[in-house]
Amino acid sequence: MSKTLPSRTHVVIIGGGVIGTSVAYHLTKLGYTDVVLLEQGQLSSGTTWHAAGLVGQLRASESATRIVQYSTQLYAELESETGLSAGYKQCGGVTVARTEDRMIQLRRTVANAAAYGMECELLTPEQALEHYPVMRVDDLVGAIWLPGDGKANPTDLTMSLAKGARMRGAQVFEKTRVLDVLTHDARVTGVRTDAGDIEAEIVVNCAGQWAKQVGAMAGVNVPLHSAEHFYVVSEDIAGVHPDLPILRDPDGYTYFKEEVGGLVIGGFEPEAKPWVSPDKIPYPFEFQLLDEDWDHFEILMDNALLRIPALEVTGIKKFYNGPESFTPDNQFILGEAPECANFFVGAGFNSVGIATSGGAGKALAEWIVNGAPTGDMTGVDIRRFAAFNGNNRWLHDRVAEVLGLHYEVPWPNREMTTARPFRRSPVHHLLVQAGANFGSRMGWERANFFAPAGTDPVIEYTWGKPNWLAWSAAEQTSTRTGVTVFDQTSFSKYLVVGPDAEAALQWLCTADVGVEIGRAVYTGMLNARGTYESDVTVTRTGATEFLIVSSAATTERDKDHIRTNIPDGLTATVVDVTSAYAVFGVMGPHSREVLATLTDADLSDAAFGFGTSREIGLGYATVRATRITYVGELGWEIYVPAEFAVGVYEDLLAAGERFGIHRGGYYAIDSLRLEKGYRAFGRELTPSENPVEAGLLFACKLKTDIDFLGRDAVEKAKAEGPRKKCVSFRVDDPEAMLWGGELIVRDGAVAGQVTSAAWGETTGGCVGLAYLRAGGAVIDAGWIADGRYQVNVGGTLFPITVSLKPLYDPTNARIR
C-alpha cells in the first residue's frame, strides 16, 4: 500500500471495500490513473469481508442482469491480470419452490432468462435433487437450474481489484480516515483526512454503511440504513463438496453455499432487525461483528433444518452477525449527487455487493469519465430519492421491511407497508373516506383504486386476476362513457423562468416549445446519445416562464438534468413547485359538462382546443386548466393552489353527481393509457431507447432547423432504422392476466419483452406495450405484420395481436 499521502489528485475514492476497489480498478482501466483510494481501516474490513459471496446472474431487469453478467466475466479473468485470484467459482444455482405461487414466479424467471439470452431450466423436485443431493424435496413443487451462478471470496476479490488498480497507477491508503469533504459553490474540491488534506476534482463515496455520514459532509443525501444480517457456518456434512451448487429456498427465506466441506446457511427473514442510526455507527469498526441473536435467527434455522435434514446432527462452527446497509427500495445507489457537482456515490448494495460490484464499478467509472451513464441506470440512480428520504427514523422503519423483500414473492404491484403514510395530497382524507387503496410513488400516497362502500380496500396479491380488478374496470368504464376525477397531485411540477427560458428549453426538448402563451406541448428530453432522460409536458405560461409537468418518480433527476444541461451563457432557473399545486384530472365524455357548471369560461373545442392551457375561475377558486389527456378521452388537468384543493375537489364531485361522476385511481389510468398506446418514462422510455424505437418521432422537431440535445443521434438512428420497436398488443384470450415483463415470441422464437401490461376493460382483455427485436436486423412495419405472436404468461403461451397503432381510438377522435 502507498505510504505518503499526496496533496493533490484527480479522483479520491472513499472506502476500500469491494465497491470502492472496483471503481478504482475501472477508472484506471478507462485512463484515469491519478486516483487515490482511502480506507479508514484495512481493505474489505467494513461490510465486504463478511459477505456470503453469492453471485446470481439473473435479475429482475435486463440492465441489472447485464451488470452481474459482466461481474462474473471479470471475476473469472482477474487472476490472469493481477496474479491474485478473486476466489470465483461457477458452480450453478438451484432455486426451489414450495408453493404454486412461487413456481409461477420461477416459470416467469425462465422466460426472463430467455429474453436476456441466458441459460435457465425448469426442474422437477427429483431433478433438483440430482443437482443438490443433500436436500429434502418431498415438499417441493418444482425448481429451476441456473448453470451460470457462482460464488466469490469477498476479501480475495477486493484485493485483486485493488492490485489491478495499483498496477495502473492508483494509490491505496489504509488506516486513513476521511474527516470532511471539502466543497466550494456546490462543487467538491477535495477531502480532509486524519493524515492531511487532498485536493481533488472528483470525490467518490463508496463508504458502505458509512456512506450516509460521508454524504452529509458534502451536503448530499444518501438514504440508507444498516440492518443486522445473519448467517452461520456448519461443520462438515457428508455429500457436501466444493462443486455443490448454491441452493436458494426463498419460501423458507434461506440460502446455502458450500464452504470447506460444510454449509454457509443464511437468509433474509421477513422482518429484519435495523441496527443503529446511520450517524451513530461506531468507529473503529474493523473486521467486527455484532452479538449473536439465535432468537432472531430461529426462523432461518428452522427452515434450514427442514431443507437440509443432515443439519439436525451437524454442529455450527460460527455465527456471523454483520451489519449491512439497505436502501428504502431495495436497489443500490449509483451516480452523481444532484446537490454537489463531481461528488459520486456507489453505496447501499442491499446484500448484492459481491454479485454486482464488477458491473456497478464499471458503470460508475464510465459515469465519471463520460459525464453521464452509458446505459440505463434509472433504477439505481441516486436522483430517484429526495431529501425527505434521508430521515433516519423513516429509514429505520422501512429497512425492517426491505431486507425481507429479497426472498418475498415479487408480487405484481406490490406496495411497501412500512413507514406509511408519508406524503399526502390535500384531499388525501377525502380519498380515504371514499374507500381508496393507496400506493406510493416518490413518497406520495396515491389512490390505486376505490373499493365499493362496505368493502375493505385491500390488495390480495396474486399472479392471476386480482380482487380489485372489477372495481378498477368500473373506473375505466366511467372514464370511457361518463366522467371520472383522478387525484394526480403527485405529478412533478417545475417552473423554468428567466429571459432565456425559451432558448434553454428548445435545447433540452425534442419538440418545438417556442409556442404562444397558453399552449401545452408534449415532448421528450434526451441525452447526447439520443435516448430518453425524461418525458414531459411543457406549457408556456408567460413570455419568460414555462410550466413543466413530469411523472411523480422523476422530480430530482428532472431538475438535475435541466439544470446541468442549460447551455452556458443562458439565464434560466428551475423552480420546483410540485408541492404548491394539487392536480385533478377530469376525464371522460362528460368532462366538459361538469366543468361548465363551475366556470364561466368557454370550454368549447373552438375556444379551448386540445393543448390549450389558461387560468379560469372554477367555483370560488382560480385554477389553471389544461386541455390534455393521458387516458385517451376528452379531459382537462386542473392545477389548483394547494390551499384551494379541498374546495375544488368537493365542487367537482358535487357538480359531477348528476353526470354519474366516479373517482379513479392509478390502476385505471395505467389500463387506459395502455389501450391508447401512451408511453411512460421508466418503462417504455429509458436511457436505452430513442424516439425512433419508441415511435415518437412526431414529438421531435426534425423538420425545423432548431437544434436540441441528442438531435444528431436521433437523425443517425432514423437514417439507420430501428433494431427494436415499441408496439401495442392485446391478448386474444380474456382469461390471461399480464403484469409486465413477460416474454414475447414471434413464430416460436424469442422476439421481445413486455414493458407494461394491464387489464383493458374497453378492449375486453389484457393490453400492453412491448419492444420487439429482429435479432439485430432493422425492424419495419412489414416485418411486424408478417409475424405470429404469443406471450409467455407464467409458462403458458397465449396468442396476441400486435399493432404499431393504438388499440383504442387510433384517429384521436375521442380527445377532441
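For Phe438 and His428, the ring centers are positioned less than 6.0 Å apart.
Listed by first and then second residue, the ring pair (Phe, Tyr, Trp, His ring centres under 6.0 Å) pairs that reach into residues 675-702 are Tyr630-Tyr678, sequence neighbours excluded. For residues 525-537, the salt bridge (Lys or Arg N to Asp or Glu O under 4.0 Å) pairs, not counting sequence neighbours, are Glu533-Arg557. Residue pairs meeting the salt bridge (Lys or Arg N to Asp or Glu O under 4.0 Å) criterion with at least one partner in residues 629-651, sequence neighbours excluded, are Arg480-Glu633, Glu633-Arg814.
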TODO: Apply salt bridge (Lys or Arg N to Asp or Glu O under 4.0 Å) to the pair Arg420 and Glu401, showing each step before the final yes or no.
DONE: CA-CA 12 Å; Arg420 291 181 59 193; Glu401 178 182 14; over 6 Å; no

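Remark: Tyr808 engages no residue in a ring-ring contact (aromatic ring centres under 6.0 Å, His included) (not counting sequence neighbours). Every residue meeting the side chain to side chain donor-acceptor pair (under 3.5 Å) condition with Trp759, not counting sequence neighbours, appears here in chain and number order: Glu761. For Thr539, the side chain to side chain donor-acceptor pair (under 3.5 Å) test picks out no residue, with sequence neighbours left out.
There is a side-chain donor-acceptor pair under 3.5 Å between Thr484 and Thr479. With 3.5 Å as the limit, one finds a donor-acceptor pair spanning the side chains of Thr510 and Thr523.
Taking each heavy atom of Cys509 and Val538 in turn, the nearest pair found is SG-CG2, 4.1 Å.
In this structure the side chain of Pro223 reaches within 4.5 angstrom of the side chain of Leu395, judged on heavy atoms.
The aromatic rings of Phe422 and Trp394 sit parallel, their planes meeting at an angle under 30°, below the 60° perpendicular limit.
Note that NZ of Lys703 is 10.0 Å distant from CG of Leu697, once rounded to the nearest 0.5 Å. Taking CG from Leu430 and CG from Asp487, the interatomic distance works out to 9.5 Å, rounded to the nearest 0.5 Å.
Salt bridge status for Glu689 with Arg679: absent, with no side-chain N to carboxylate O gap under 4.0 Å.
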